[in-house]
Amino acid sequence: MEDSVLSQLSDDSLLEYIADLSQSQSQLDAADYTREQYFREKSARQQQQDRALQEENKQNGVPQIFGGCAVYINGYTKPGRLQLHETLVRHGGKFIHYLSSKRKATHIVATNMPLKKRKEFANYKVVTPEWIVESVKAGKLLPWQSFAHAWDDKQPKIAVTNCNDPNFLNNFFQNSRLHHLSNWKSNLRQNVLQLNDSFRVPKKKDSLTVFHIDFDCFFASVAALDFPNLDIDSDPIVVCHGTHNSDISSCNYAARKYGIKNGMWVSDAKGFLPQGVTLNCLPYNFEKIEAKSAEFYSILRKNDFIKFDEILPISIDESICVKISQSSETPNLRDICQNLRNEIYKSTNCTVSIGCSDTLIMSRLNLKRAKPKSSFILFHKDVDDTFLSNVKLSDIPGVGSSTISKINALNNQEPILENVLQLKKVINANKSFIGSMTATVGNKLTKKILLSLDGKDDDESLKMIYEPINFFERKSLSIDINWGIRFNSIHEVDAFIDICTKYLVEKLNELKKKTSQINLKLLKRAPNAPIEPEKYLGCGKCDSMNRNSKLGIPSNEFGFLTTEIKHNYRCVSCPPNELRGISIQFIKLVDVPSTKDDISKRFINFETFQNLPNDVKPGFVNELKKRKIQIKEPKVNKYQESFLNEIPTQLRNEIKKDLIINEKIKNSEIDRIYAKQVQRQNSLMNSKNHLLGNSNESIFESIKFQNETSFKKICSKIIAWVDFTVKDNGPHPKDLELFENYLDKLSDSNRVPLILRISKLISNELNLKSLKYSNENGFQIWEQQLIKTIIPKLMKNKHTFQTVRKLDLEFDL
DNA sequence: GGAGCCTGTGAG
DNA sequence: CATCGCTCACAGGCTCC
Ligand SMILES: Nc1ccn([C@H]2C[C@H](O)[C@@H](COP(=O)(O)OP(=O)(O)OP(=O)(O)O)O2)c(=O)n1
Ligand SMILES: [Mg+2]
Ligand SMILES: [Mg+2]
């Protein structure tokens, strides 16, 4: 192929071509080989090559995790077909070259699939390529469900409310207003960081005019556009999904007249209506909401009336716009507000209100005062008692229901404070009130409330204006699902954790960040709460439980993170059927150097490249260089690494920290099980015969004395032993003692890779059996044995182990 | 007296 | 039919040193 042709290939095709050429080079005389022959013989040759490659890898100890899997790869995939093919075969899988009869394939791998194909494959396990990639990384076969395709079909719009459905999360988020609100907000904030050069950040000495601009009953207004028979000014309108225990996202001012508020349940709202008045419940129109918001922000950026120095996004329907005052001019603020409001209405058919002032707090309070369909301007020095008497406690930002009830409690509930003027009077009349407020609602908030009585800002609020880049920078990343969570087994929970982690890791990569700390927060049904709460699929009354883990090294690896989170789940005692909510937080985000990250994803194996005919190499080198694809030596013994990586960090820390610290770690659940197990073992000690013979003829003893017993044989015995005892009461203590002796010997003789191999064996075996036996005593004992005894031996020799790994010493199989 | 963890609170 | 109860950040109390 001409070099000029090369440049027209996609990255995947190029790599595929190189790999194919490389393979053919190793087997055939390239000179006689035409392209036609290449394709004709490809299939048969590959079948044969597959078998050879697999056997070779098996001999080299590559774990055959895809044993029994017959995989067909459909269409173009990322990573490419050839790469997946090779990975699969190396790890024990069968690659189906042509799909003559679908029954032959156990799994179908695809990145994209047209609707027709999707229907055709409806009854097959259709997964994303990550299933292969991540399984290899994890060193074990991951459940295909975690990688099932979540096709975002609009067409047969079947509601997915079952949390085990691979589409559940997608579907939930598509319909969750709060998710959209959060998501839109984070996008707006990111835009600020990217387009910050359009800002002129004020200095502290500048005097400012602040415009707080916000749509009136935004979702309701947008929804009403689709219902021209309704009058947004006079008909009570709410936006919600359901008819009873459904949240009201937004209600118009005609509905607010009766006491209805955003966030209320529909059933409560209906209770407020007088006889004969009906509530108009409208569906969400998220697309239109987004479109209206885009027009809104675009007018703020460019209009004929004012050029803002900062446009600070507060939410999808709200922005704080800052203008640095020029001593030379005195703009007509009333006209500016009016013109902006008109312009936005012309463009969106929805009204905004504007609060304008020289401080943030006053512009916010003015906004509230202006609503709906109006603007209000008052500078902080002009605040008087009349104004304060129209401000409610809840209008002060940072003051919510909890704070209000605390303040009212301080005032012995009499009178219940209706407005801020009343609060001011109480404070003036009672010298100790500020002190007790500080004690109950906190120092900062008390100061903030006092400042707001004078229309002045606290420093924290001003950071948005003076340090916008810092203010808008993301400090954490998390996902919360507290609706629709109904699981029956830990495996279902695991699969869902996979889906959540995948969601987060995707975002993490977009942000080019890693996380160094993760937190798992669960909602568990409160003991007195009914199994099913009032709200359909809601979480009801719950107790929340947390588990935090600091990672030794910051990570963005799916396999590592999801393992850590699953481990965390096992550390808090919440049976799957009691689980009502899950949130996963990545806290302490750190930057990942972007160039290194990009390149590491794009490489071609050194061996593959070496195999190419010498005369074509230079052409490829140029092409690869141009595309920044590296030629890289594959990692040796990759599975050792991935196994180590997946030992939960908490465990690693535990091992590292030593015995004293061990006592402080509050993994009471594990310790409880462990204690129980020790007790049980003691009682077993003198009873039943154990499986591996008495100490004189144990398999472990025999290898110690006679080197002829092969490690392979021992492995198979161990598997049989685990297999036999996992479904029952667990291994006999005597056997365990022998086994531990053996491990210690291996450890002492620096044969750490063998311990690793055994750990892996057992871990794999437990994985296999987990579906059936995870609730059995034997299973749990084995799990504990692995965690508390075997892996620590491995870690004890971490140094040796790493050295061994570096030198790439062979296992003595 | 500060670093870091945990929990409560509020916002849209 | 129900229904789509998210996600971020700060403050303050606590423990540990
Ligand atoms: N508990 C809440 C609060 C808000 N929102 C959504 C719907 C709102 O329309 C939008 C904007 O929030 P606002 O606080 O600005 O409320 P509105 O725009 O509805 O009313 P207004 O701004 O006129 O008070 O966010 C929501 O879904 N649930
Ligand atoms: Mg609004
Ligand atoms: Mg708003």
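Chain A is the first sequence line, chain B the second, and so forth, proteins listed ahead of strands; every chain is numbered from 1.
- Counting all heavy atoms, side chain and backbone alike, A:C350 lies closest to A:S221 at SG-CB, 4.0 Å.
- The interatomic distance linking A:L579 (CG) with C:dG5 (P) rounds to 18 Å, in whole Å.
- Contact record, A:K535 with A:S246: NZ-CA, 4.0 Å, taken as the closest heavy-atom pair.
- Nearest nucleotide to the A:S476 side chain, out of C:dA9, C:dG5, B:dG12: C:dA9.
- Picking from B:dC5, B:dG10, C:dC10 the nucleotide with the shortest atom distance to the side chain of A:K475 gives C:dC10.
- Of the residues in residues 436-447 of chain A, those with a non-hydrogen atom less than 4.0 angstrom from any atom of DNA chain C are A:G442, A:N443, A:K444.
- When the side-chain nitrogen and oxygen atoms of A:N546 are compared with OP1 and OP2 of B:dT7, one or more of them lie within a distance under 4.0 Å.
- Classified by interplanar angle (parallel below 30°, tilted 30° to 60°, perpendicular above 60°), the ring pair A:F173/A:H179 is parallel.
- Judged by atom type and distance alone, A:S176 does not reach the base of C:dC4 through any side-chain donor-acceptor pair under 3.5 Å.
- For the side chain to side chain contact (heavy atoms under 4.5 Å, CB included) test with A:F472, the passing option among A:L312, A:N191, A:L188 is A:L312; the others fail.
- Here A:G538 lies in heavy-atom contact (under 4.0 Å) with a base.
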Worked check of salt bridge (Lys or Arg N to Asp or Glu O under 4.0 Å) between A:D395 and A:R364: CA-CA 9 Å; A:D395 293 342; A:R364 180 181 288 269; over 6 Å; no
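- Protein atom CG of A:L477 is 14 Å distant from nucleotide atom C1' of C:dA9, rounded to whole Å.
- Proximity of A:K185 to the phosphate of C:dA9: no side-chain N or O atom is located under 4.0 Å from OP1 or OP2.
- The partner of C:dA9 is B:dT9, judged by Watson-Crick or G-U wobble contacts that both fall below 3.5 Å.
- As judged by a 4.0 angstrom heavy-atom cut-off over every strand, A:R580 is placed among residues making no nucleic acid contact.
- Summarising the geometry, the separation between CZ on A:F218 and C1' on B:dG12 is reported as 12 Å, rounded to the nearest angstrom.
- Shown here for A:F586 and A:I518, the closest heavy-atom pair between the two residues is CD2-CG2, 3.3 Å.
- A side-chain donor-acceptor contact under 3.5 Å links A:D457 to the backbone of A:I361.
- Listed pair A:S246 / C:dC4 meets the phosphate criterion, a side-chain N or O lying under 4.0 Å from OP1 or OP2.
- Between A:F172 and A:W483, the ring planes lie parallel to each other; the angle is under 30°, not in the 30° to 60° tilted range.
- Stacking here means ring centres nearer than 5.5 Å and ring planes tilted less than 30 degrees, and by that measure A:W483 does not stack onto C:dG5.
- For B:dA11, the OP1/OP2 oxygens have no side-chain nitrogen or oxygen of A:R177 closer than 4.0 Å.
- When the C1' atom of B:dC6 is taken as reference, atom CE of A:M545 falls 15 Å away, rounded to whole Å.
- When the nucleotides C:dT7, C:dC4, B:dA11 are ranked by their closest atom to the side chain of A:S182, C:dT7 comes out on top.
- Applying the 4.0 Å criterion to OP1 and OP2 of C:dT7, one finds that A:H179 has a side-chain N or O inside that range.
- In this structure, A:N245 does not reach the C:dA2 phosphate: none of its side-chain N or O atoms is under 4.0 Å from OP1 or OP2.
- Side-chain nitrogen and oxygen atoms of A:S186 include none within less than 4.0 Å of the OP1 or OP2 phosphate oxygen of C:dT7.
- Within 4.0 Å (heavy atoms only), A:K406 reaches sugar-phosphate atoms of the nucleic acid but no base atom.
- Among the protein residues, A:T161 comes within range of the nucleic acid bases, having at least one heavy atom under 4.0 Å from a base atom.
- Taking side-chain N and O atoms only, A:K588 has a distance below 4.0 Å to OP1 or OP2 of B:dC5.
- Here C:dC4 presents its P atom at 13 Å from CG of A:N171, a figure rounded to the nearest Å.
- Regarding contacts with the backbone of C:dC6, a side-chain N or O of A:N482 is found under 4.0 angstrom from either OP1 or OP2.
- In this structure, the nucleotide among C:dC4, B:dC6, B:dG10 sitting nearest to the side chain of A:S402 is B:dG10.
- Rounded to whole Å, atom C1' of C:dT3 lies 17 Å from atom CG of A:N167.
- Between A:Q517 atom CD and C:dA9 atom C1' the separation is 15 Å, expressed in whole Å.
- Between A:Y536 and A:Y284, it is A:Y536 whose nearest contact on DNA chain C lies nearer the 5' terminus.
- Taking atom CD on A:Q585 and atom P on B:dC6, their separation rounds to 11 Å, with Å as the unit.
- Both A:D480 and A:T243 lie near DNA chain C, and the one whose nearest nucleotide falls closer to the 5' end is A:T243.
- An OP1 or OP2 oxygen of C:dC4 is reached within less than 4.0 angstrom by a side-chain nitrogen or oxygen of A:K535.
- Note on ring orientation: taking the six-membered ring where Trp is involved, the planes of A:F219 and A:W184 are perpendicular (angle over 60°, cut-offs 30° and 60°).
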